[in-house]
Amino acid sequence: MHELCRLSDINDLHSKGFELGETKIFVIRQGNQVHVYHNHCPHLGIALEWLPDKFLDIDGELIQCSTHGALFTIEEGLCVSGPCSGQSLKSITSKIVDGAVFIELP
């Protein structure tokens with residue numbers, strides 16, 4: 001497991017992007033839980049954010065692709081609206097230990 005950041009580095013109910021070499025990922029914090037995904041739209045293969053660290057829709061309830069507006073659930077990364085409906089973001093295994101976010105990358 002690789003230590004990514006401190007949980008406190010991400011505001012609750014917000015997202016934050018990271019670049020680990022060639023790999024782009026993002027984290028969404030919900031209280032003491034995080035959801036981590038590859039920053040890669042299944043439709044066009046492009047990064048999702050519309051501004052740095054802005055991966056969520058205006059209500060903060062879904063992940064939104066900035067290019068074509070596809071919407072994904074935060075918990076599963078499942079596309080529920082848009083051209084990639086039914087496809088999913090690729091999740092990354094994560095855990096929180098002593099206030100630090102750890103991820104598992106291949």
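All heavy atoms count here, side chains included; hydrogens, waters and symmetry mates do not. Here the structure is a predicted model, which means the values were calculated and not measured.
- Tested against Ile63, the residues Ile74, Leu78, Asp57 include a single side-chain contact (heavy atoms from CB on, under 4.5 Å) partner, Ile74.
- Around CG of Leu51, the count of heavy atoms belonging to other residues, nucleotides or ligands within 6.0 Å exceeds 12.
- Residues Trp50 and Leu56 share a closest heavy-atom pair of NE1-O, 3.9 Å.
- Residue pairs satisfying the side-chain hydrogen bond (donor to acceptor under 3.5 Å, both in side chains) criterion with at least one member in residues 84-94, sequence neighbours excluded, are absent.
- In this structure, Tyr37 OH and Phe55 CZ are separated by 13.0 Å, a value rounded to the nearest 0.5 Å.
- Other residues, nucleotides and ligands place no more than 12 heavy atoms under 6.0 Å from the CG atom of Asn32.
- Looking at Ser15, its side chain does come within 3.5 Å of a backbone N or O of Asp53 through a donor-acceptor pair.
- Residue His2 holds its NE2 atom at 9.5 Å from CZ of Phe102, rounded to the nearest 0.5 Å.
- As a member of the Ile/Leu/Val/Met/Phe/Trp/Tyr network built from side-chain separations under 4.5 Å, Val36 groups with Leu4, Leu7, Ile10, Phe18, Leu20, Ile25, Val27, Val34, Ile92, Ile96, Val101, Ile103, Leu105.
- The environment of Asp98 atom CG is sparse: at most 12 non-hydrogen atoms of other residues, nucleotides or ligands sit within 6.0 angstrom.
- Distance CD1/Ile46 to OG/Ser66: 6.0 Å, rounded to 0.5 Å.
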Inset, instruction - Please report the C-alpha distance between His68 and Cys41 in whole Å, then the side-chain angles of each, then the deciding distance to 0.1 Å, and finally whether the side-chain contact (heavy atoms from CB on, under 4.5 Å) criterion is met. - result: CA-CA 10 Å; His68 52 68; Cys41 177; 3.2 Å; yes
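- Of the candidates Glu76, Arg29, Gln30, His35 forms a side chain to side chain donor-acceptor pair (under 3.5 Å) with just one, namely Gln30.
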